[in-house]
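Indexing begins at 1, ligand by ligand and atom by atom, following the structure's order.
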Amino acid sequence: MTSIQPLPPGSFGLPLIGESLNFLLDRNFANKRQAKYGSIFRTHILGRPTVVMVGPEANEFLLSTHMDYFSWRGGWPNTFKELLGESLFLQEGEVHRRNRRLMMPAFHGKALEGYFATMVELSQKYLQHWQRLETFTWFTEMKKFTFEVASVLLVGTQPGEQIEQLSDWFTTLTNGLFMVPIRWGWTPYGRALQARDRLLAYIETMIQQHQQTPTRDVLGLLLATEDEAGNRLSLEEIKVQTLLMLFAGHETTTSMLTSLVMALAQQPEILSQARAEQRALPAELTMAQLKQMPYLDQILKEVERCYPPVGGGFRQVEKPFVFNGYRVPAGWMALYRIDAAHRDERCYTDPQRFDPDRFSPERAEQRRYDYSLVGFGGGPRICLGLAFAQMEMKILAALLLRNYAWEILPNQDLSMRPIPTLRPASGLKVRFGAQPVSVAAASS
Ligand code: HEM
């Protein structure tokens, strides 16, 4: 049945290298191919024949209805497997379901409430620090902030303590993910392996501390969790899952927060409406208040749509399938494109425009098609840290809007770079101060 269908349109490019160079060097490669061939096309990148699938229907097919046709594990390069270990990203089937179930409670309900005070405290600490700095590059600063939140709330590191050292190890580890795996000590990959070992040793020490004095951070909850069948995560598993969460949790949030403050600075009317919403609420920020900010929710959705930190996801095709009349053989890679789906004109009116009102209850454009907003993935493997990240972003945004002002400094390149997570090329250089006096004074 499947063999009579044609392969998707497209080209496999040159022998051996396929279209890898175009993919790596031309930021518009996928957009150009999509304009030429449509929303499903074939190519040959990173050594494998690949089908690129775009749109809400493709997202639903890959992430939900036909997810067992795909392997998550096969979608990640070997460097990820070695550097990030056998963690949730790579697990599949029953093992994945069991582990996800065990990890879920640390990211929902009561557990989240327990993180609120620390997130507020760290947000205030960084806001005051930025006020003292006056001018800085926000992507770099956001990274310090999100890494400290992640280290304190995921692993139980004391605020300020060792954060810089951990962050350096992490940067070294992340730099190895996209490198040729030559493992001598002085190569980027060799250094990444050393950094991984140091981070794992640190997490092990933290596990021992938690065993002596239980705490209510994510690591503490993972150590205590048991499902109805009495399953627990082994210590080895907790170590690699914690490493994965530190990795998955801070670069992405850094990217989205940087895009948020950039978009607000660029659209003064939206910024002032967001400020008005905050000022109508009682001055002291509480957990309950986070549910009373519909306009900020709309802005965050629009940032997710326009600036998704992760542009897409690879999977390995395990079973052949037909999609839109085209046959895709087993063994190929499949790429679902988050950024392109978010610009689909069937789903979103005037998709190039930054318009938070498209998510108002009256317009609710995300309801036109399921799986049209997938900045956090979708289906049974939707981002585990979604609620954690949203809470962290909302707290920082609410405090920023209430008390601070910022402006983008001139003469910088704000074009967006997609890898490893989306960011403005310059990192977003800003002048920052208490609202409204300091910025006005500083810029006069
Ligand atoms: C703005 C912040 C974030 C964004 C945009 C984001 C985005 C994503 C996306 C797109 C996926 C699915 C990838 C795919 O389909 O290939 C994912 C999965 C995941 N994310 Fe996030 N993420 C964020 C924050 C976090 C945080 C804070 C954590 C943990 C503390 C986290 C942990 C995970 C994990 C463990 C998975 C794998 C889930 C599974 O396979 O079951 N993420 N995330």
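- Neither side chain, H342 nor R337, offers a donor N or O lying under 3.5 Å from an acceptor on the other.
- For ligand 1, the atoms lying closer than 4.0 Å to a non-hydrogen atom of G375 are 5 (C), 7 (C), 10 (C).
- Counting only N and O atoms by type, the side chains of T349 and R368 include a donor and acceptor under 3.5 Å apart.
- Against a heavy-atom cut-off of under 4.0 Å, R100 is close to the following atoms of ligand 1: 38 (C), 39 (C), 41 (O).
- Under 3.5 Å, the side chains of Q91 and Q241 contain a donor-acceptor pair of N or O atoms.
- Screening the protein for N, O or S atoms under 2.8 Å from atom 21 (Fe) of ligand 1 yields 1; no waters enter the count.
- Cation-pi check for R315 over W72 is met; the charged atom lies under 6.0 angstrom from the ring centroid and within 45 degrees of its normal.
- F61 pairs by the ring-ring contact (aromatic ring centres under 6.0 Å, His included) definition with H66, F321, F323, not counting sequence neighbours.
- Residues N22 and D26 have side chains that never bring a donor and an acceptor to within less than 3.5 angstrom of each other.
- Remark: the R358 side chain and the Q298 side chain contain no N/O donor-acceptor pair separated by less than 3.5 Å.
- If you check which protein heavy atom lies closest to atom 36 (C) of ligand 1, you get F89 CE1, 3.3 Å.
- Proximity annotation for atom 15 (O) of ligand 1: of M245, R315, M256, R97, R315 comes nearest, heavy atoms only.
- Side-chain atoms of R275 and N403 include no donor-acceptor pair closer than 3.5 Å.
- The H96 neighbourhood of ligand 1 comprises atoms 39 (C), 40 (O), 41 (O), with distances under 4.0 Å to a heavy atom of that residue.
- Atoms of ligand 1 lying under 4.0 Å from at least one heavy atom of P309, given by number and element, are 5 (C).
- Looking only at atom types and distance, the side chain of H210 has a donor-acceptor partner in the side chain of T215 under 3.5 Å away.
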